[in-house]
Amino acid sequence: MKTVLHTTATLFLFLVVCALPNTGIAQKVKIHPDEDKALAARMDWAAQQNVRGDGYWVGYNITKFMRPNVWMGSIGGKNWSRRKSIYALIGQEDREQELPDELKEDLGFSMKGTMHFGKHKKNTDVRVARDIAILMYVKKNRKGPTDIHLSNMSLGVDLENRPLFWLGKAGDEESATMLEEMYHATSHNSMKSDLLGAISIHENKARRLAFLAQILENEKSPDVREDTAFWVGQLDLPEGLAVLQKVIATDPSMDVREHAVFSMSEMSSEEALEALIELAKDGQQKVVRKKAIFWLSQHASKNAIQVIEEIVMDDKDLAIQEQAVFALSQFPADESVPRLIEIAENHQSVEVRKKAIFWLGDSGDPRAVDALIALARRKN
């Protein structure tokens, strides 16, 4: 009798589990009765529901292994702290740790799928299992979703009082395969970009990389290829480096090549850093070299600063030298100021010396002020 009542309640009743902030209207949630069914069948179930209004949400969750103190989803924005978590919306107990105080005190609005870092070591191998919700917005009378949000289920969401049809837990590969099929079925670039992010958070990184590499080969939209290159870097696989190098060498869009350089700079391996250094020194396109020099400056390594200093002093292209001066200014003062002083005093190019003087003045460092005063007196 208990089972019959439970099934009836989940199948036929809308669950009023919370009130949205400032609306006084209950959020409507309907939960699929059997999460053992194929995910595609559960999606069909949601599409068959009778919905009033202009659209509805469909959601399910996967397990993702994430670093401690890392969250995914929308944090910030108006009334964020009063939003109900996804766990609360579907009537489940919150199984995740509370959002750290350092994030609560300094919150900014995030785009969908953004990761938020607390105090942790970026390259630690420690991972914890987290429930990640994949929320799809479907406009009424549209075949597929038009928007996707990713979120830790412990974070609050604002569904704008549109119904949520909750499908339960999905297997990692089952979910990724369905999303890949959605990608191939849509012609909307914004939806493709959303799907790329959702696909890339799944656990089988090697399979995800193969899919992304195929997109980079065949996708006509430069904007979508830019997003694809970004996610290749986020996978952070050794094989992904070769994919990005090919994009940088052959993609017809210079914007895509630039995005691939950034994506390479996000990778954690020494091989990726060495590849970035090679681009900075010997890249075929000036724009690519400039990007590589800039992103190289974001690496706090002695090798990186030495390479940039060599480019300032020895490169034959004045624009590249000037870019390298700016890159030097991005390093900590103890590393950058002495080098900029040396350039301002002794570089053979007047234009490069002017750039070094500008960035010394911008630094506000007492050593820079003394050097600039000395230069002014020497000129006079």
Side-chain angles (χ1 to χ4, degrees), residues 121-123 229-230 232-251 254-365 367-368 371:
K121 294 182 179 179
K122 183 176 181 181
N123 295 322
F230 169 79
V232 169
Q234 296 303 300
L235 292 178
D236 205 9
L237 293 175
E239 299 83 357
L241 179 59
V243 172
L244 291 176
Q245 287 173 316
K246 183 178 179 180
V247 170
I248 292 166
T250 65
D251 196 277
M254 192 57 67
D255 287 340
V256 176
R257 295 187 188 198
E258 291 181 43
H259 275 74
V261 174
F262 164 70
S263 189
M264 181 185 290
S265 76
E266 290 278 281
M267 301 176 78
S268 62
S269 68
E270 286 298 318
E271 290 78 10
L273 179 58
E274 287 302 316
L276 196 62
I277 287 172
E278 287 302 311
L279 283 176
K281 292 167 62 177
D282 301 313
Q284 296 302 304
Q285 295 88 21
K286 184 183 291 189
V287 173
V288 167
R289 288 192 68 195
K290 285 184 174 182
K291 287 294 180 182
I293 289 167
F294 173 78
W295 292 116
L296 192 58
S297 72
Q298 307 306 301
H299 286 265
S301 72
K302 288 185 177 180
N303 196 13
I305 197 168
Q306 287 171 358
V307 168
I308 293 173
E309 187 176 23
E310 289 172 8
I311 291 171
V312 173
M313 304 307 295
D314 301 331
D315 202 89
K316 296 178 181 180
D317 190 313
L318 178 61
I320 294 294
Q321 287 180 313
E322 292 178 350
Q323 175 71 8
V325 172
F326 166 69
L328 278 180
S329 73
Q330 301 300 295
F331 285 91
D334 284 344
E335 296 284 350
S336 63
V337 169
R339 288 174 166 85
L340 290 171
I341 290 172
E342 173 67 21
I343 294 164
E345 291 177 342
N346 300 311
H347 199 282
Q348 61 183 0
S349 166
V350 174
E351 295 304 318
V352 173
R353 292 202 302 272
K354 285 180 179 179
K355 288 291 182 183
I357 289 169
F358 174 83
W359 291 114
L360 281 170
D362 189 66
S363 72
D365 189 280
R367 293 166 295 183

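This one's a predicted model, so the numbers in the text were calculated from it and none came from an experiment.
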Glu258: which of Lys291, Lys290, Lys286 passes salt bridge (charged side-chain N to carboxylate O under 4.0 Å, His left out): Lys291

Work out which heavy atom in [X] is nearest to a heavy atom in [Y]; give both atom names and the distance.
| X | Y | answer |
| --- | --- | --- |
| Ala344 | Ile357 | CB-CG1, 3.8 Å |
| Val337 | Ser363 | CG2-OG, 4.4 Å |
| Ile248 | Arg257 | O-CD, 3.2 Å |
| Ile311 | Ala324 | CG2-CB, 3.8 Å |
| Pro338 | Arg367 | CG-NH1, 4.4 Å |
| Ala275 | Leu241 | CB-CD1, 4.0 Å |

Evaluation steps, side-chain contact (heavy atoms from CB on, under 4.5 Å), between His299 and Ser265: CA-CA 8 Å; His299 286 265; Ser265 76; 4.2 Å; yes

With rounding to the nearest 0.5 Å, note down the distance linking [atom1] in [X] to [atom2] in [Y].
| X | Y | atom1 | atom2 | answer |
| --- | --- | --- | --- | --- |
| Leu296 | Asn303 | CG | CG | 8.0 Å |
| Trp359 | Leu340 | CH2 | CG | 10.0 Å |
| Met313 | Gln348 | CE | CD | 7.5 Å |
| Met267 | Leu276 | CE | CG | 11.0 Å |
| Ile341 | Asn346 | CD1 | CG | 11.0 Å |
| Gln330 | Ile305 | CD | CD1 | 11.0 Å |

In the structure I gave you, are the side-chain heavy atoms of [X] and [Y] within less than 4.5 Å of one another anywhere?
| X | Y | answer |
| --- | --- | --- |
| Glu270 | Leu273 | yes |
| Met264 | Gln245 | yes |
| Lys281 | Asp315 | no |
| Leu318 | Ser349 | yes |
| Val232 | Val247 | no |

Contacts of Phe294 that satisfy ring pair (Phe, Tyr, Trp, His ring centres under 6.0 Å) - sequence neighbours left out: Phe326

Mutual orientation of the aromatic rings belonging to Trp295 and Phe262 [parallel < 30°, tilted 30-60°, perpendicular > 60°]: tilted

Main-chain N/O of Val312 paired to Gln321 side chain as donor or acceptor, under 3.5 Å: yes

Under-4.0 Å salt bridge between Arg289 and Asp317: no

For Arg339, side chain to side chain donor-acceptor pair (under 3.5 Å) partners two or more places apart: Glu309, Glu335

